[in-house]
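Please read the structure below before turning to the comments.
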2 protein chains.
Amino acid sequence: MKEGPDIAQIGALIGDPARANMLAALTGGRALTATELAGVGGITLQTASTHLAKLEAGGLLAQRKQGRHRYFTLADEAAARLIESMMGFAAGRGHLRHRPGPKEPALRKARICYDHLAGDYGVRMLDSLISSGSIDAVGDGLALTEKGESDLKCIGVDVGALRSSRRPLCRSCLDWSERRAHLAGSLGKALLASFLDKGWARRATESRSILFSPEGDRQFLKLFPLETN
Amino acid sequence: MKEGPDIAQIGALIGDPARANMLAALTGGRALTATELAGVGGITLQTASTHLAKLEAGGLLAQRKQGRHRYFTLADEAAARLIESMMGFAAGRGHLRHRPGPKEPALRKARICYDHLAGDYGVRMLDSLISSGSIDAVGDGLALTEKGESDLKCIGVDVGALRSSRRPLCRSCLDWSERRAHLAGSLGKALLASFLDKGWARRATESRSILFSPEGDRQFLKLFPLETN
DNA sequence: GCGATGCTTCGGTTACGATCGAAGTATGAA
DNA sequence: TTCATACTTCGATCGTAACCGAAGCATCGC
């Protein structure tokens, strides 16, 4: 025994409620200050400071000093994916932080997941891309097809530029509210960015919700129709 | 805030060293008794009993009563993948339970990861299957090709039977010692089973190592040659 | 039936870490 | 320089949960 990686350390880091709340908040993709994170954790600034130091030492967070503020984000995509996968598992086992029910319908409809679209709309988008033949669900993974590449160009997403990054283009991410996969990876990020850019939707200020305008809603639903068979 | 799944609960479950050790031991795929798990956790039977009850309540473990023994396993593949992904993350951040170095070379060479082959040999096998065209690494996932299906039939792995199960055929799993992917899923399981079946290798009794016989070693290396370019 | 083994439950101790008040450091504004 | 804001470090308190000894069930072998 005593061989292999030590999962107890990160487990313990995530295992504290205040820290878990901060991590969950950072899943929103925004950089937050220590004071803001103390708020979401429900603790004082001093306590938050020690928590944040521990999370950073554990490799879960990264910080960037800017003036007298200190902005925290999840350390990288690996950290984000770990938190997301824990959320998926927890949701599957019914470990929820609130009484179940439609507490936050907006959140279930569309929200941000690190940097891409999740919730009902996220799942619908991936389903639609697959049924239209833009994305191949082959084996356990996702791959963009040639048709998909040209279709996306029409919406204004330049796939070529995305390919140059080291980050995978398509990645499937388990949605905790829908219990199904939605599209992550640099393509997922670019798509969400384009919706925001077009003014179809905007980020809520206090929550992870993505709020679609009536017109944006119409466009989105037209662009990603549901399979009808 | 307070929306979404509660990751603190499972985090705390995994965060205790004794529990983490037990979970890591169960990654070996074998069902273990409460007494055995108390041993790997370094605690008394009473303490282990309460830990195991908590892990089961949290949905991480399943138990099966057999006579006066109580056998524990990871609850399902989702639980196993969660533990594996935490191991991968922990290893990437240098959180190891022992002083680094070649402590357990056998373990790094070949070991069991829930139910499939991991370590150097596991990574080599997947690389070889990809470069021979048996498996397509498309997008972020893995898919068996027609060539692969017929090739595997020659080694005595019946892919048709595997397809009928709900479990995905190919799945990539991050190897914590090699920091690269190896093959999981029902195909990964079937391949390891066939090696054991053929007598090429056997499981170590006290560790997660897979021990290849000299002849098995030869056969394995011949069957899965390394790309030489 | 009896004793032995495997495991659980109970009770009490103990230690670790989360918490906050208070004081200290750094950056910016005036 | 002085004051204010953002954050860290120190010190002390306090609660929770890990832990084990002892006792209680359940199952097996005889």
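In what follows, every chain begins at residue 1, and chains take the letters A, B, ... in the order their sequences are listed.
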Begin with the C-alpha distance, continue with both residues' side-chain angles, and end with the deciding distance and a verdict on side chain to side chain contact (heavy atoms under 4.5 Å, CB included) for A:Leu52 and A:Gln63.
CA-CA 9 Å; A:Leu52 291 168; A:Gln63 58 164 301; over 6 Å; no

Evaluate A:His182 against A:Leu117 for side chain to side chain contact (heavy atoms under 4.5 Å, CB included), listing each step before the verdict.
CA-CA 8 Å; A:His182 60 248; A:Leu117 185 64; over 6 Å; no

Steps toward side chain to side chain contact (heavy atoms under 4.5 Å, CB included) verdict (B:Met22, B:Leu61)
CA-CA 10 Å; B:Met22 299 196 237; B:Leu61 292 190; over 6 Å; no

If you apply the rule side chain to side chain contact (heavy atoms under 4.5 Å, CB included), what do you find for A:Leu13 with A:Leu23, and how did you get there?
CA-CA 10 Å; A:Leu13 281 177; A:Leu23 289 169; over 6 Å; no

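In summary, B:Arg108 and B:Asp175 do not engage in a salt bridge, as defined by a charged side-chain N under 4.0 Å from a carboxylate O. Salt bridge annotation for B:Asp76-A:Arg93: present, with a cationic side-chain nitrogen under 4.0 angstrom from a carboxylate oxygen. Here B:Lys54 does not pair with B:Asp16 in a salt bridge; the nearest charged N to carboxylate O distance is not below 4.0 Å. The residues B:Glu215 and B:Arg218 are annotated as salt-bridged, a charged nitrogen and a carboxylate oxygen being separated by less than 4.0 angstrom.
Taken to the nearest 0.5 Å, the CG atom of A:Leu223 stands 4.5 Å off from the CD1 atom of A:Ile155. Interatomic distance, A:Ile10 CD1 to A:Met86 CE, rounded to the nearest 0.5 Å: 8.5 Å.
In B:Arg179, the CZ atom is not crowded: 12 or fewer heavy atoms of neighbouring residues, nucleotides or ligands sit closer than 6.0 Å. Counted within 6.0 Å of CZ on B:Arg81, heavy atoms from surrounding residues, nucleotides or ligands total 12 or fewer; the atom is thus considered open.
Each of B:Gln66, B:His69, B:Arg68 was checked for a side-chain contact (heavy atoms from CB on, under 4.5 Å) with B:Thr33, and the lone residue meeting it is B:His69.
Near DNA chain D, meaning a heavy atom under 4.0 Å from it, residues 55-65 of chain A has no residue at all.
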Each nucleotide N or O in nucleotides 28-30 of chain C that has a protein N or O under 3.5 Å away: list the pair and distance.
none

Could I get a table of every N or O pair under 3.5 Å where one atom is in the protein and the other is in nucleotides 16-19 of chain C?
residue	atom	partner	partner atom	Å
C:dA18	OP1	A:Arg19	NH2	3.1
C:dA18	OP2	A:Lys54	NZ	2.7
C:dT19	OP2	A:His51	NE2	2.4

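Along DNA chain D, the stretch of nucleotides lying under 4.0 Å from any heavy atom of chain A spans, 5' to 3', D:dA4 to D:dT9.
When rounded to the nearest whole Å, the span between CG of B:Leu45 and C1' of C:dC10 equals 15 Å. Counting to the nearest Å, the C1' atom of C:dG6 and the CD atom of B:Gln46 are 12 Å from each other.
For B:Phe72, there are no ring-ring contact (aromatic ring centres under 6.0 Å, His included) partners, not counting sequence neighbours.
For DNA chain D, each stem of at least three Watson-Crick or G-U pairs (distances under 3.5 Å) is given as range with range: C:1-30 with D:1-30.
Ring geometry, B:Phe220 versus B:Phe195: the interplanar angle exceeds 60°, so the pair is classed perpendicular (tilted spans 30 to 60°).
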